[in-house]
Amino acid sequence: MAESKKLPARDEDFANWYNEVVQRSELADYSPVRGSMVIRPWGYGIWENMQSALDKMFKETGHENAYFPLLIPLSFIEREKEHVEGFAPELAVITQAGGKELEEPYVVRPTSETIIYSMYAKWVQSYRDLPILINQWANVMRWEMRTRLFLRTTEFLWQEGHTAHATAEEAEDETQLILDVYRRFMEDWIGMPPLTGLKSESEKFAGAVRSYSCEALMQDNKALQAGTSHFLGQNFAKQFDLSFQSEEGQEEYAWNTSWGVSTRLVGGLVMSHGDDNGIVVPPRLAPVQVVVVPILTDEDTEPVRAKTKEIVAKLSEAGLRVKDDSRENLSPGAKFYEWEGKGVPFRIEIGPRDLAQGQLALARRVTPVGEKRKAFLPEGQVIAELPAYLEKFQVELLDTARARRDENTVRGVTSVDELEEALEHGAGFVFTGWSGDPAVEEEVKERTKATIRVLVSEEFRSEESPDRCLSGQGASVHEVAWARAY
RNA sequence: CGGGGCGUGGCGCAGUCCGGUAGCGCACCUGCUUUGGGAGCAGGGGGUCCCCAGUUCGAAUCUGGGCGCCCCGACCA
């Protein structure tokens with residue numbers, strides 16, 4: 001193989017590998033505008049599959065979709081103090097339109113809390129109007145200093161759910177419900193098992209009372225904040241007069257939640273499963289699950305072509321997403337590399353020899369240890385068993401990622417020295433006790449570059465909970481997970 | 001905003017030091033032969049050398065100014 005066609009080594013230069021693989025697999029390309037990207041059909045196809053799975057989960061939990069406008073009056077953003085402080089540096093502001101200076105500037109939404117709760121205020125009078133459970137699929141804009149394809153771009157696509165409830169308990173339940181939806185989605189669809197928990201004060205969403213997060217561990221052992229669910233309390237309700245009359249006749253402010261995942265998940269997928277040959281797309285999200293490549297020799301190619309069509313039709317009927325790659329200007333080998341680079345889970349080859357023997361060559365994107373790259377199997381078996389093979393592939397991706405996460409997690413660390421040492425030795429998540437003192441968090445961050453990813457939720461806590469803060473000062477109040485993060 | 005790198009056919013680059021009117025690989029087009037892991041041969045098309053100004057008989061190359069992009073750090077899903 002020509003050296004120039006190889007990817008940068010993943011274990012030596014992960015960042016470079018990531019940039020190359022995203023472009024080569026045709027997920028995305030740089031646009032002429034700094035920091036923004038074009039999501040190409042292959043990348044968008046994955047996002048669409050993510051969307052439809054998530055959308056279904058949202059609907060199943062009682063949510064509806066709506067759409068709110070891109071532009072928000074600047075004054076709206078400015079209403080909630082912490083919110084504006086959090087977003088001010090990264091706002092794109094429109095001051096001119098229609099050839100005139102605007103009376104009031106608009107911001108391109110960095111998130112939609114303000115416009116949405118101002119509208120809810122119009123729609124809610126009584127407790128009977130609650131809860132409101134709305135989601136929107138939208139683009140948002142945050143003027144970031146430094147950008148990376150999918151992980152942080154100026155404009156990105158996401159969903160943002162915004163709910164209003166009569167009680168704090170109900171809003172808290174909603175926050176947890178969605179956190180669980182995200183977690184399940186990441187595991188079952190992306191094969192990316194996150195750690196869940198509460199964000200520290202310094203890391204929470206600007207304007208939230210508390211934020212919960214799904215944190216996934218990438219192959220370079222950096223953490224990726226992959227989805228967040230916020231309990232907003234009455235912060236926005238008070239600023240936008242989102243109030244209602246309770247059952248008892250009292251005027252009360254509603255309780256809000258907001259939650260979102262973005263196209264960043266595509267980046268997470270790449271960094272979870274990709275290898276030196278390209279990306280690996282989990283079957284449930286793959287725009288193409290099986291590619292069929294005919295081997296056309298100088299003999300009569302008609303029978304091979306016909307068989308290819310037949311196999312594609314049968315697999316489509318079985319509900320699989322199948323691609324017929326009968327292009328004539330490329331050799332089979334070139335096609336193999338192309339589809340492997342794009343992460344298609346399975347490839348079927350059909351040649352004259354297979355035809356004669358009633359078999360097909362089946363190649364898996366990721367070859368299990370000890371198995372051959374290709375298996376020659378009876379046609380009937382391939383047709384009948386492929387759905388199960390895909391399912392198995394899906395599960396194995398999750399298992400592998402989970403094992404990697406756990407192997408790279410270090411528990412029971414009791415000092416900053418030890419934390420630093422663990423990180424220097426390439427640890428991913430490092431669990432310690434923490435007193436809750438923000439100064440400790442700040443100092444450790446300064447020294448190690450690691451941040452508290454989450455105050456670990458119960459399920460992920462260590463069997464023996466830490467009793468001292470890693471600073472050496474005071475008792476531990478929370479077990480926390482540290483990591484260097486994207 | 002600081003540090004580094006880079007702007008030359010679609011992509012990756014050489015040429016720049018030492019000025020003489022642009023070349024290589026891949027990709028693309030045509031034809032023939034091929035096709036079970038990135039095909040071969042032959043022919044062919046395509047470039048305001050990032051922009052502006054200057055020096056010069058002559059600038060991709062020298063001088064000055066500007067712009068853009070990427071990477072590494074400070075902010076963030």
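Worth knowing before you read on, the calculation uses all heavy atoms, side chains too, and leaves out hydrogens, waters and symmetry mates. First the proteins, then the strands, lettered A, B, ... as listed; each starts at 1.
- A gap of 46 Å separates the C1' atoms of A42(B) and G4(B), to the nearest Å.
- For N19(A), a side-chain nitrogen or oxygen approaches OP1 or OP2 of C71(B) to under 4.0 Å.
- Straight-line distance from the CD atom of E144(A) to the C1' atom of A74(B): 13 Å, rounded to whole Å.
- Among the protein residues, K199(A) comes within range of no part of the nucleic acid, since none of its heavy atoms lies under 4.0 Å from any strand.
- In this structure, G54(B) forms a base pair with C62(B), meeting either the Watson-Crick or the G-U wobble geometry with both donor-acceptor distances under 3.5 Å.
- By the 6.0 Å contact criterion, CD on E446(A) is open, its count of non-hydrogen atoms from other residues, nucleotides or ligands being 12 or less.
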Taking N or O atoms only and anything under 3.5 Å, show me the protein contacts with nucleotides 6-9 of chain B, one pair per line.
none

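- Toward the 5' end of RNA chain B, the nearer of the two residues L151(A) and A15(A), judged by each one's closest nucleotide, is A15(A).
- Base pairing analysis places C18(B) opposite nothing; no Watson-Crick or G-U wobble pair with both distances below 3.5 Å involves it.
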Please evaluate residues F76(A) and F240(A) with respect to the criterion ring-ring contact (aromatic ring centres under 6.0 Å, His included), reporting the C-alpha separation (whole Å), side-chain torsions for both, the decisive distance (0.1 Å), and the verdict. CA-CA 9 Å; F76(A) 277 35; F240(A) 291 91; 5.6 Å; yes
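- Rounded to the nearest Å, the gap between the C1' atom of C49(B) and that of A22(B) is 8 Å.
- Residue-level contact check: L224(A) touches neither bases nor backbone, having no heavy atom under 4.0 Å from any strand.
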R347(A) vs W339(A), side-chain contact (heavy atoms from CB on, under 4.5 Å): CA-CA, chis, key distance, verdict: CA-CA 8 Å; R347(A) 177 182 73 244; W339(A) 293 111; 5.7 Å; no
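- Counting to the nearest Å, the P atom of A74(B) and the CD atom of E90(A) are 16 Å from each other.
- Of the side-chain N and O atoms in Y30(A), one or more sit less than 4.0 angstrom from OP1 or OP2 of C71(B).
- Distance check on atom C1': U21(B) versus U33(B) gives 40 Å, rounded to whole Å.
- Comparing C24(B) with G45(B), their P atoms are spaced 13 Å from each other, to the whole Å.
- No contact: S211(A) has no heavy atom under 4.0 Å from any strand.
- Nucleotide C24(B) is matched to G12(B) when pairs are restricted to Watson-Crick or G-U wobble geometry with both distances under 3.5 angstrom.
- The interatomic distance linking Y486(A) (OH) with C75(B) (P) rounds to 18 Å, in whole Å.
- Atom CD of Q23(A) is separated from atom C1' of G10(B) by 14 Å (rounded to the nearest Å).
- The aromatic rings of F87(A) and H83(A) stand perpendicular to each other, their planes meeting at an angle above 60°, with 30° marking the opposite boundary.
- Side-chain contact of D55(A) with W137(A): a donor-acceptor pair under 3.5 Å is present, judged by distance alone.
- Rounded to whole angstrom, the span from the CE atom of M145(A) across to the C1' atom of G3(B) amounts to 16 Å.
- Across every non-hydrogen atom of N235(A) and G207(A), the tightest pair is ND2-O, 3.0 Å.
- Across every non-hydrogen atom of G86(A) and E90(A), the tightest pair is O-OE1, 4.4 Å.
- Here A74(B) presents its C1' atom at 12 Å from CD of E442(A), a figure rounded to the nearest Å.
- N329(A) places its CG atom 14 Å from the C1' atom of U30(B), with the value rounded to the nearest Å.
- In this entry the distance linking CZ of R24(A) with P of G38(B) reads 16 Å, nearest Å.
- Pair check for G68(B) finds C6(B); Watson-Crick or G-U wobble, both atom distances under 3.5 Å.
- At most 12 heavy atoms of other shown residues, nucleotides or ligands fall within 6.0 angstrom of atom CD in E64(A).
- Between Y117(A) and H162(A), the distance from one ring center to the other falls under 6.0 angstrom.
- Pairing for U30(B) is with A42(B), a Watson-Crick or G-U wobble pair whose two hydrogen-bonding atom distances lie under 3.5 Å.
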Going 5' to 3' through nucleotides 32-37 of chain B, assign each nucleotide B (protein heavy atom under 4.0 Å from a base atom), S (under 4.0 Å only from sugar-phosphate atoms) or - (no protein heavy atom that close). --SBBB
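- Ring orientation note: the planes of F58(A) and W259(A) are tilted relative to one another, at an angle of 30° to 60°.
- Taking a pair to require two hydrogen-bonding distances under 3.5 Å in either a Watson-Crick or a G-U wobble arrangement, U35(B) remains unpaired.
- Pairing for G73(B) goes to C1(B), judged as Watson-Crick or G-U wobble with the two contacts each under 3.5 Å.
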CA sep, side-chain torsions, deciding dist, call: F231(A), W255(A), side-chain contact (heavy atoms from CB on, under 4.5 Å): CA-CA 8 Å; F231(A) 174 78; W255(A) 300 82; 3.7 Å; yes
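- Of the P atoms belonging to C29(B) and C71(B), the separation is 31 Å, rounded to the nearest Å.
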